[in-house]
Undergrad: 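Okay, handing you the structure first.
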Protein chains: 2
Amino acid sequence: MTQVRPMRADARRNYERLLKVAAEAFAEHGENASLDDIAKRAGVGSGTLYRHFPTRQALLEAAYVDRIEALGSRADELARELPPGEALMEWLNELCVATIQVRGMKSLLGSAVTDGSSAALTACGTTVKGAASRLVEAAQAEGVLRADLEPIELLRLAHGVATASELANGQGREIRRYLALLTEGLRPAG
Amino acid sequence: MTQVRPMRADARRNYERLLKVAAEAFAEHGENASLDDIAKRAGVGSGTLYRHFPTRQALLEAAYVDRIEALGSRADELARELPPGEALMEWLNELCVATIQVRGMKSLLGSAVTDGSSAALTACGTTVKGAASRLVEAAQAEGVLRADLEPIELLRLAHGVATASELANGQGREIRRYLALLTEGLRPAG
DNA sequence: ACCTGAACACCGTTCAAGT
DNA sequence: ACCTGAACACCGTTCAAGT
């Protein structure tokens, strides 16, 4: 573990202002919000932004850490309240909703499950994959989920479902239907 | 129908050079290839590019019209050769492969099935949706596909499957597996 | 140790002037 | 009727100078 020195007071202040402004900017303009504009609105030079967050991904991740953590603890909450199969489906639904409705979250969640992505190894990726693994294993132990399904595959498919719902432009109204189609398959019922 | 006046010789020459160069540029740099660079490489002013193709989408569509048409006729070819269910699955597989492997095609195919997108009404959207409809109806008539599934929903889900496969970074190796998971559902077999 | 902001390279889009 | 390319506004990134 690398020992983290405490930041100088002005550095810490800038860091926090940047995070606050960045969250607003991503919410307003989406994941491609202007970095220069974020620095200006936070009242710092653009170099300062780059010092704290070398890449757009880094800033995106820092701005949404708490939301990702919330998704993680939500998984365990659902696991306590519902049977494994239902807990998994409900969590996937909330994951997809966040993917679509929280602007900037999509690219973050996407790179968390991208093979070979450096972001996949960061806090965000670890949290999401951990949560998915616990729910998947419980559902498989119960016999309500294919045993050959890897947690990361399910996360990728959920990202696909979110993408499909996004194309329908219904602010996520189609998520439950598309998740159900994935779960039940495309063959006629019965 | 609006009568199309033939283009002036130099206009036609520029139009064709732009298309050729654009296809190369999209293949090389992806859908965000620099428009300015395309104009330069085609030896025309940037204004000329904008005259012929007012938006990036318009250029993208023009550059890939023939590939889209090929997907359309491929659907009918498969319908003649295979039983309806297999023809549909094979076509979806080829659609997903094109989505991932032909750079620039993804955004085009995406906007073709985006609700409210102007591109959805263009030649590209009509062709793809027509092909999907024919295959879907045949499969439903045979009783191998859910009767409540709309062709456009299936196209959106296929786009989602392509996205999921893209995240796996396997150049499309996962497409067949992910399509199978969608078709068969996530519950244990048997 | 950290911050600033000018400087650079790049891009999309428009439009007055040209043929 | 069509083309050219300068002009404008914008963006990401770096780095010398400052505190």
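Each chain gets a letter, A, B and so on, in the order its sequence line appears, and its residues count up from 1.
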Undergrad: Scan the side chains in residues 11-18 of chain B for donor-acceptor partners under 3.5 Å anywhere in the protein, sequence neighbours excluded, and list what turns up.
TA:
unit_1, atom_1, unit_2, atom_2, d
B:Arg12, NH1, B:Glu16, OE2, 2.5
B:Asn14, ND2, B:Asp10, O, 3.4

Undergrad: What side-chain hydrogen bond (donor to acceptor under 3.5 Å, both in side chains) pairs are there with at least one residue in residues 83-103 of chain A, not counting sequence neighbours?
TA: A:Arg74-A:Glu94, A:Glu90-A:Arg176

Undergrad: Write down the distance between CZ (B:Phe53) and P (D:dC3), rounded to a whole number of angstrom.
TA: 11 Å

Undergrad: List the residues meeting side chain to side chain donor-acceptor pair (under 3.5 Å) with A:Tyr64, not counting sequence neighbours, and say none if there are none.
TA: none

Undergrad: Is the phosphate of C:dC3, meaning OP1 or OP2, less than 4.0 Å from a side-chain N or O of A:His52?
TA: yes

Undergrad: Any salt bridge between A:Glu184 and B:Arg146, counting N to O under 4.0 Å?
TA: yes

Undergrad: Starting at atom CZ of B:Arg41, determine the distance to atom P of D:dG5, rounded to an integer number of angstrom.
TA: 18 Å

Undergrad: For B:Glu61, which residues count as a side chain to side chain donor-acceptor pair (under 3.5 Å) partner, sequence neighbours excluded?
TA: B:Thr122

Undergrad: How would nucleotides 12-19 of chain D be written as a contact map, 5' to 3', with B for base contact, S for sugar-phosphate-only contact and - for no contact, using protein heavy atoms under 4.0 Å?
TA: SBBB----

Undergrad: DNA chain D in dot-bracket, Watson-Crick or G-U pairs under 3.5 Å, [ ] crossing, | other strand?
TA: ||.|||||...|||||.||

Undergrad: Ignoring hydrogens and angles, write down the donor-acceptor pairs under 3.5 Å from the side chains of residues 19-35 of chain B, residues two or more places apart or on other chains.
TA:
unit_1, atom_1, unit_2, atom_2, d
B:Glu31, OE1, B:Ser107, OG, 3.2
B:Ser34, OG, B:Asp36, N, 3.3
B:Ser34, OG, B:Asp37, N, 3.0

Undergrad: Quickly work out the B:Leu49 CG to D:dC2 P distance and round it to whole Å.
TA: 16 Å

Undergrad: With B:Glu153, which residues qualify under salt bridge (charged side-chain N to carboxylate O under 4.0 Å, His left out), at least two apart?
TA: A:Arg177

Undergrad: Starting at atom CD1 of B:Ile38, determine the distance to atom P of C:dC10, rounded to an integer number of angstrom.
TA: 17 Å

Undergrad: Mind calculating the distance between CG (A:Asp10) and P (C:dC3) to the nearest angstrom?
TA: 5 Å

Undergrad: Should we count CZ of A:Arg67 as having more than 12 external heavy atoms under 6.0 Å?
TA: no

Undergrad: Residues in salt bridge (charged side-chain N to carboxylate O under 4.0 Å, His left out) with B:Lys106, at least two apart?
TA: B:Glu166

Undergrad: Can you pull out every side-chain hydrogen bond (donor to acceptor under 3.5 Å, both in side chains) where at least one residue sits in residues 131-140 of chain B? Sequence neighbours excluded, please.
TA: B:Asp76-B:Arg134

Undergrad: So which pairs with a foot in residues 114-132 of chain B pass salt bridge (Lys or Arg N to Asp or Glu O under 4.0 Å), sequence neighbours left out?
TA: none

Undergrad: Let's see if you get this right: which residues in residues 11-29 of chain A place a heavy atom under 4.0 Å from DNA chain D?
TA: none

